[in-house]
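What you are looking at is a predicted structure, and each value in this text was computed from that prediction instead of being measured. Below, all heavy atoms of this structure are taken into account, side chains as well, without hydrogens, waters or symmetry copies. First listed ligand is number 1; within each ligand, the first listed atom is number 1.
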Amino acid sequence: IGTSASEDIIDVMVVHVEVRLKPIYDVDLADIRKRVAALLRENFTNWGEFDSWHHDPLLEKHVEKIRVADCEEREEKADPSIDPFDFIIYAYHTASQDDVEELMANEADGAGEESSQDDTMAATVLELPNASLDGSWEMLFYENQMKEKLLRYIYTTLIYSDAKVDTNIISWNRLLLLHGPPGTGKTSLCRALAHKLSIRLADRYSYGKLIEVNSHSLFSKWFSESGKLVQKMFSMIQEMASDPDAFIVVLIDEVESLTASRASASSGTEPSDAIRVVNALLTQLDKLKQRSNVLVVTTSNLSENIDSAFVDRADIKQYIGPPTADAIYQIFISCFLELVRVKLIDIGTTELPCDYYHDAKECAEGSIEKQLAYISEKAVGMSGRSLRRLPIIAHTKLQLLLNGPKLCVKQYFIMSLKVPI
Ligand code: ADP
């Protein structure tokens with residue numbers, strides 16, 4: 001995108017800010033946005049939680065939390081009236097984590113058995129944004145702005161849909177495949193992405209739903225009926241998606257169980273049923289792609305076993321590997337801060353450790369940061385799941401030694417270093 005050489009261009013920092021409202025609020029959201037933007041213009045210093053708003057009576061009454069989430073740069077023609085910061089404020093409230101529905105697929109009519117109505121739980125439905133997912137995006141650490149790239153991909157598909165791009169000429173399926181070893185955060189990332197999108201798209205859609213498909217339940221005990229079960233479940237999803245005010249994310253975890261390669265299925269014991277399931281799924285996904293309010297996110301531990309026609313439909317196939325030392329340091333810091341928050345670690349008057357591995361490596365020998373950076377290097381190769389378990393293992397061992405739950409930070413780290421990693 002070119003600009004004339006004579007024009008002066010400046011970079012405007014576009015800052016995305018998420019404002020979580022109290023469960024019951026009765027206020028014009030435009031007022032909230034204006035107040036928050038004004039406060040940020042005066043006091044914005046850093047990413048993460050923004051605290052300088054409690055003195056404002058309107059915000060104190062209606063707001064629960066303000067998070068300065070991320071930013072990007074936008075080029076603008078230089079003009080003295082331009083504000084170098086453009087704060088985009090998303091106000092949202094979360095549904096309770098108990099708001100889970102179950103989608104039942106009924107096998108009886110498909111199997112031709114009149115007497116035994118056989119309900120199978122085909123999927124669970126969670127309302128979005130959801131309290132159980134709030135903050136989960138921020139707790140996942142990956143290299144190279146991978147999360148931000150995924151978010152940007154969805155925005156791009158929306159821009160294309162809004163611009164009414166002819167899908168016969170440029171095609172996209174709104175289908176994402178995350179693959180890699182177990183425990184690397186794929187499922188958590190899909191859920192966090194769904195939650196994040198529902199916050200960012202609240203202006204377009206009045207509500208959101210995350211439908212988690214239970215892949216295993218879609219294999220009928222009635223031979224040859226599985227394809228029909230898949231069809232039934234997708235017709236329920238279509239029905240939900242027919243409301244243009246709804247934003248729907250369909251999560252299919254371990255998608256290889258539904259999309260086993262047809263080539264290998266034909267050599268299995270019940271070949272035709274597995275093939276019917278893949279065929280039904282592909283047909284249903286093709287139907288679903290007409291709906292611009294639906295995103296399908298899938299995960300797999302064994303991407304090479306997935307049917308090539310499915311893989312080909314995925315717009316983004318992202319490999320997710322075990323975390324690097326950098327990401328591990330951030331996982332450890334998040335665990336550490338949580339233990340400080342609940343007062344299981346007592347750091348006394350010591351300052352909280354810095355957020356980044358590269359700064360930590362430069363810290364003084366024996367400092368918290370330096371020790372955490374050291375453990376992070378040692379832990380490379382472990383999955384995110386094992387890393388998040390490490391503090392509890394260290395704590396359990398230390399508790400036996402100290403005979404009490406409260407740890408001082410030095411003891412905690414000494415113990416962590418003794419955990420075999
Ligand atoms: P997968 O679907 O890949 O098997 P999960 O999403 O079930 O993995 O993740 C297991 C746990 O490990 C979750 O608690 C998640 O938060 C944590 N975890 C995995 N990878 C990371 C990471 N890169 N950063 C932070 N936490 C992670």
Side-chain angles (χ1 to χ4, degrees), residues 47-48 69-70 97 123-124 126 130-151 176-197 210-216 249-259 296-306 314 316-339 341-342 353 355-358 360 372-373 375-395 416 419 421:
W47 308 111
D70 50 271
Q97 49 197 346
T124 55
L126 191 69
N130 197 283
S132 65
L133 297 173
D134 212 39
S136 57
W137 178 263
E138 287 70 25
M139 284 300 119
L140 289 163
F141 305 104
Y142 296 102
E143 297 271 275
N144 303 325
Q145 297 219 306
M146 198 263 291
K147 293 187 300 180
E148 290 69 25
K149 284 181 194 159
L150 292 178
L151 207 54
L176 206 68
L177 169 64
L178 305 182
H179 62 101
T184 48
K186 299 179 294 299
T187 315
S188 312
L189 182 56
C190 289
R191 292 188 185 128
L193 181 67
H195 176 75
K196 181 72 83 183
L197 284 167
L210 170 63
I211 305 176
E212 288 199 33
V213 173
N214 180 357
S215 308
H216 301 289
V249 181
V250 180
L251 166 57
I252 311 179
D253 216 1
E254 298 179 22
V255 73
E256 66 272 9
S257 60
L258 280 183
T259 55
V296 181
V297 289
T298 62
T299 76
S300 172
N301 297 333
L302 304 155
S303 67
E304 60 282 1
N305 291 4
I306 304 180
I316 293 192
K317 303 167 249 297
Q318 177 69 51
Y319 172 77
I320 315 264
T324 56
D326 214 327
I328 295 174
Y329 179 82
Q330 286 179 294
I331 293 177
F332 282 161
I333 287 285
S334 67
C335 296
F336 175 73
L337 293 181
E338 182 58 13
L339 291 173
R341 185 186 73 84
V342 297
D355 287 342
Y356 299 105
Y357 173 65
H358 293 289
L372 269 186
I375 312 170
S376 305
E377 275 161 39
K378 293 274 178 208
V380 170
M382 289 175 76
S383 74
R385 183 181 280 128
S386 319
L387 291 166
R388 289 213 177 273
R389 233 184 344 239
L390 215 52
I392 204 162
I393 296 172
H395 199 140
S416 295
V419 171
I421 44 181

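Close N/O approach between Leu140 and ligand 1 is not found [any backbone or side-chain N/O within under 3.5 Å]. In terms of N/O distances under 3.5 Å, ligand 1 is approached by Lys186. Of the polar atoms of Asn301, none of the N or O atoms is found under 3.5 Å from an N or O of ligand 1, judged by distance alone. Remark: ligand 1 and Phe141 share an N or O pair separated by less than 3.5 Å (distance only, no angle test).
Counting heavy atoms of neighbouring residues, nucleotides and ligands inside a 6.0 Å radius, atom OH of Tyr356 does not exceed 12 of them. Heavy-atom contacts from other residues, nucleotides or ligands closer than 6.0 Å to CD of Gln145 number 12 or fewer.
The two residues Ala379 and Phe332 have their closest heavy-atom pair at CB-CZ, 4.4 Å. Among all heavy-atom pairs drawn from Leu210 and Ala194, the shortest one is CD1-CB, 4.0 Å.
Looking only at distances, a side-chain donor or acceptor of Ser215 sits under 3.5 Å from a matching main-chain atom of Asp253. Under the 3.5 Å distance criterion, the side-chain polar atoms of Thr298 are matched with a main-chain donor or acceptor of Leu176. Between the Ser300 side chain and the Glu254 main chain, no donor and acceptor come within less than 3.5 Å of each other. Between the side chain of Lys147 and the main chain of Leu140, a donor-acceptor pair closer than 3.5 Å is present.
Considering only non-hydrogen protein atoms, atom 7 (O) of ligand 1 sits nearest to Arg385 NH2, 2.9 Å. Among protein heavy atoms, the minimum distance from atom 14 (O) of ligand 1 is reached at Arg388 CD, 4.1 Å. Ranking the protein heavy atoms by distance from atom 2 (O) of ligand 1 puts Thr187 OG1, 2.5 Å first. From the protein, the heavy atom lying nearest to atom 25 (C) of ligand 1 is Met139 O, 3.1 Å. For atom 8 (O) of ligand 1, the nearest protein heavy atom (residue, atom name, distance) is Gly185 N, 3.0 Å.
Residue Thr299 places no heavy atom under 4.0 Å from ligand 1. Ligand 1 is approached by Gly183 to a heavy-atom distance shorter than 4.0 Å.
For Lys186, there are no salt bridge (charged side-chain N to carboxylate O under 4.0 Å, His left out) partners, not counting sequence neighbours. In this structure Glu212 satisfies the salt bridge (charged side-chain N to carboxylate O under 4.0 Å, His left out) test together with Arg191, sequence neighbours excluded.
If you number the atoms of ligand 1 from 1 as listed, the ones under 4.0 Å from a heavy atom of Pro182 come out as 4 (O). For ligand 1 and Ser188, the ligand atoms under 4.0 Å from any heavy atom of the residue are 5 (P), 6 (O), 9 (O), 13 (C), 15 (C).
Here Thr184 has heavy atoms under 4.0 Å from ligand 1 in both its backbone and its side chain. Heavy atoms of Gln330 found under 4.0 angstrom from ligand 1: none, in either backbone or side chain.
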